[in-house]
Amino acid sequence: MSTNAVLATLFDEIATALEITGAMVFKVNANRNVARVLEHLTVDVATLAPDKKKLTAIDGIGDGSAKKIIEFIQTGKVAEHEELLTKVPRGLMDITRIPGVGPKTAKLLFETCGVCDVATLKAKIASGELKDIPRLGEKSLQNIAKSLEFMDKATERTRLGEAMPLAETIIEFLSQVPGVEQIDCAGSLRRGQDTIGDIDILAATTDPAALFKTFIEMPLVQQVLVSGESKASIRLAPPRGVQVDLRVIPKDSFGAALLYFTGSKQHNVTLRERALKKGLTLNEYGLFPEDKNDKTPPHQRGIKPKAAKTEASIYKVLGLPFIPPELRENRGEFDKDRSASMDALVKLDDIKAELHAHTKASDGSFTIEGLIEEAQSRGFHTVAITDHSKSSVQANGLSSDRLLRHIDDIREAASRHNGITVLAGAEVDILTDGRLDYDDDLLAKLDIVVASPHASLKQEPALATKRLLAALRHPLVHILGHPTGRIINRREGLSPDIHQLIEAAVEHDKALEINANHLRLDLRDSHVQAAVDAGALIAIDTDAHTVDDFDELRYGVLTARRGWVTANRCLNAWPKAKLHKWIKAKR
DNA sequence: GCCGTTTTCGGCCCGACTGTTTTCAGTCG
């Protein structure tokens, strides 16, 4: 784990421990915020650490946290953290991760019954020892038991590429219910995060009761978690097991609700702070004039909102441009000098080239012909055929002789297609020591080379950096394919020094890939943002093996947008002539 | 603990649902 990640966990633990000991909520939030900032920071905090000014220059990190970070870099621990751990055992912090159990309940369980970890909690619920605790009735205990049971089965977040089609199916199903006027998804799914916690759906309807009834009685509903007048939550049956929240909101405040429930939480906090500075208050019903003397929510007092119907109208009154959902992470979207690139973010329709795809020659299901036709049917001007190289034995990688014959076959097929340029390429393994899997003579015969790591994905970070740098510096390589080799929820992949890779990509005019396959999404959003900030080029490729893989392109585009990729930085969105000039420059 | 076009003090986002209790605290998003 990187220093940033270790410190993020440490600040999170400080926050949780403070929360349990009953510290001021603002102090808790400040520590939690430092954890979040560190988690998304793309520079290694250790390189800043001796200089306190550099640390406090980061938004959210003040004097106190800077001192703790420096203390950690110098000694490997933080005294305040150690001190808190003597009062609040780690197991107790784990308990607060159980849905429905917060810091107050954890403290109560600890102090009245000595519950100090999840295992003890389970045992004591089973033995009935937890009856008769004040303010913790039978129903609450039952809910905790249910949550524990669920946690045992599903510890993972749902991958974007699994949640999105599911959400679309549910929305399609619910939109058929009489009375439904508007329905859309919100939350991290709408923001295009690589994994999501639950699916949020918003609807405006003239018949809420009918919609909720249909919702909680849908096929595959395993459990109804919450069922109120404006909100219901269900859990779907395994294997998906994902939670789905449905909220019904007035049609006139659909935009306000969409904004509110799309989040992120940090983005919303900043919006509300901006609202307050303008004498306004923002909630899920709209943007209202603030009345400090009346605590009743403004929408319940019959006050007319300044804006509510659309997200854009709310941003406008707050003096902001429309911020695309993918950018709503409080990671620079409020900076004025970034607003130009916000308008120019790459869109799905901009993508006109596929530069990484496989055929039957290695492990794909396409014939050469079939792949070309599929790309053409999607309106692409270019497709690169990049089968695996010889070391990828598991993927039927091509020997040098087979590759030579494959190149001939590709050129022959290409000659039969007008209107699309077909490139003979390869996805060449980057061997453990950084050498490529074909010799230079053969690589030079290819139009395009995607170099990717496939084996030894648990390599030490320093070695991995060296390995990938060698590929980026190789004059015949165009694109670094799925740079870390991660498989979301399954394999962490390599942890190279991403900044060195980005630097090399810029220096040698190479592109870094966002592999659009929902299992990969590699590079990930925060690395993409660092690459874009440094001026690197990005390729969004589907790595298609089958027809359906082409449909995963949208996940790659969402990830690109989350990393602030504009169309002019994305190879696949370039006009044909510009792309081919760049590709040929490496031959 | 952090922050500042109401700056070095005094604020710090908002509402729904649940369970336990009988007016509200805790949790969640």
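Throughout, protein chains are lettered first and strands after them, A, B, ... in sequence-line order, and every chain is numbered starting at 1. The shown structure was predicted, so the numbers you read here are calculated from the model rather than taken from an experiment. Just so you know, these numbers use all the heavy atoms, side chains as well, and skip hydrogens, waters and symmetry mates.
- Closest to the side chain of Asn283(A), from the set dG1(B), dG29(B), dC14(B), is dC14(B).
- The distance from atom CE of Met24(A) to atom P of dG10(B) is 14 Å, rounded to the nearest whole Å.
- Judged by the 6.0 Å and 45° rule, Arg328(A) forms a cation-pi pair with Phe322(A).
- For Tyr260(A) and dG29(B), a side-chain-to-base donor-acceptor distance below 3.5 Å is present, hydrogens and geometry of angles not being considered.
- When the C1' atom is used for both dG10(B) and dT6(B), the distance is 11 Å, rounded to whole Å.
- If you check dG29(B), dG19(B), dT18(B) against the side chain of Asp245(A), the one that comes closest is dG29(B).
- Rounded to a whole angstrom, the distance from the C1' atom of dC14(B) to that of dT20(B) is 24 Å.
- Regarding Asp200(A), its CG atom lies at a distance of 14 Å from the C1' atom of dA16(B), rounded to whole Å.
- Side-chain N/O atoms of Thr9(A) and Asp12(A) include no donor and acceptor closer than 3.5 Å.
- Regarding the sugar-base torsion, dT6(B) falls in the anti class, its angle being beyond 90° of 0.
- Among the nucleotides dG15(B), dT18(B), dG1(B), the one closest to the side chain of Asn143(A) is dT18(B).
- For the pair Arg36(A) CZ and dC2(B) P, the interatomic distance rounds to 14 Å; values are reported in whole Å.
- As rounded to whole Å, 15 Å separates atom P of dT18(B) from atom CD of Gln142(A).
- Note on Val101(A): only backbone sugar-phosphate atoms sit closer than 4.0 angstrom, heavy atoms only; bases stay farther off.
- Taking only side-chain nitrogens and oxygens, Ser230(A) comes nearer than 4.0 Å to OP1 or OP2 of dC17(B).
- Residue Glu273(A) contributes atom CD, which lies 11 Å from atom C1' of dC2(B) at whole-angstrom precision.
- Look at the P atom in both dG15(B) and dT21(B): the space between them is 27 Å, to the nearest Å.
- Under 4.0 angstrom from either OP1 or OP2 of dC14(B) there lies at least one side-chain N or O belonging to Thr281(A).
- With hydrogens and angles left out, the side-chain atoms of Ser264(A) and Gln266(A) include no donor and acceptor closer than 3.5 Å.
- Positionally, the nearest nucleotide of DNA chain B for Gly137(A) lies more toward the 5' end than for the other of Thr96(A) and Gly137(A).
- Closest to the side chain of Asn31(A), out of dC14(B), dA16(B), dG1(B), is dG1(B).
- Within the 4.0 angstrom heavy-atom criterion, base atoms lie near Lys265(A).
- Nucleic acid contact class of Pro99(A) (heavy atoms, under 4.0 Å, all strands): sugar-phosphate only.
- Taking only side-chain atoms of Thr105(A), from C-beta outward, the nucleotide of dC3(B), dG1(B), dG26(B) with the closest atom is dG26(B).
- Heavy atoms of Leu271(A) sit nowhere under 4.0 angstrom from any nucleic acid atom.
- DNA chain B is contacted by both Ile61(A) and Lys231(A); Ile61(A) maps to the nucleotide lying nearer its 5′ end (nearest heavy atom per residue).
- Atom-to-atom, CZ of Arg191(A) to C1' of dG29(B) comes out at 11 Å; the value is rounded to the nearest Å.
- Using a 4.0 Å heavy-atom distance criterion, Gly60(A) is classed as a sugar-phosphate-only contact.
- Checking dG19(B), dG29(B), dG15(B) against every side-chain atom of Asp198(A), the shortest atom distance belongs to dG29(B).
- Glu138(A) comes within 4.0 angstrom of sugar-phosphate atoms only, judged by non-hydrogen atoms across all strands, and of no base.
- Looking at the side chain of Lys104(A), the nearest of the listed nucleotides dC12(B), dT27(B), dG29(B) is dT27(B).
- Spacing of P atoms, dT8(B) relative to dG4(B), comes out at 12 Å, to the nearest Å.
- Summarising the local packing, CG of Asp335(A) is surrounded by more than 12 heavy atoms from other residues, nucleotides or ligands at distances under 6.0 Å.
- Heavy-atom neighbours of Glu82(A) CD from other residues, nucleotides or ligands within 6.0 Å: above the threshold of 12.
- Taking the P atoms as reference points, dA16(B) lies 24 Å from dT22(B), given to the whole Å.
- Within 4.0 Å of Asp59(A), counting heavy atoms only, lie sugar-phosphate atoms of the nucleic acid but no base atom.
- Summarising the local packing, NZ of Lys309(A) is surrounded by 12 or fewer heavy atoms from other residues, nucleotides or ligands at distances under 6.0 Å.
- Atom CD of Glu80(A) and atom P of dG1(B) are 6 Å apart (whole Å).
- No contact: Asn29(A) has no heavy atom under 4.0 Å from any strand.
- With a cut-off of 3.5 Å on both pairing distances, the Watson-Crick or G-U wobble partner of dT27(B) is dA16(B).
- Interatomic distance, NE2 of His40(A) versus CG of Asn330(A), reported as 10.5 Å (0.5 Å rounding).
- In this structure, Asn268(A) atom CG and dC28(B) atom C1' are separated by 14 Å, rounded to whole Å.
- Between dC3(B) and dT7(B), the two C1' atoms lie 8 Å apart (nearest whole Å).
- At a threshold of 4.0 angstrom between heavy atoms, the contacts of Leu18(A) with the nucleic acid are absent.
- Using a 4.0 Å heavy-atom criterion, one finds that Ser65(A) contacts the sugar-phosphate atoms exclusively.
- Side-chain N/O atoms of Lys139(A) include one lying less than 4.0 angstrom from OP1 or OP2 on dG19(B).
- Using a 4.0 Å cut-off between charged side-chain N and carboxylate O, Glu311(A) and Arg190(A) make a salt bridge.
- The aromatic rings of Phe334(A) and His267(A) lie parallel to each other, their planes meeting at an angle below 30°, with 60° marking the opposite boundary.
- Contacts of Phe261(A) with the nucleic acid, taken as non-hydrogen atoms under 4.0 Å apart, are absent.
- With P as the reference atom, dG11(B) and dT18(B) are 35 Å apart, rounded to whole Å.
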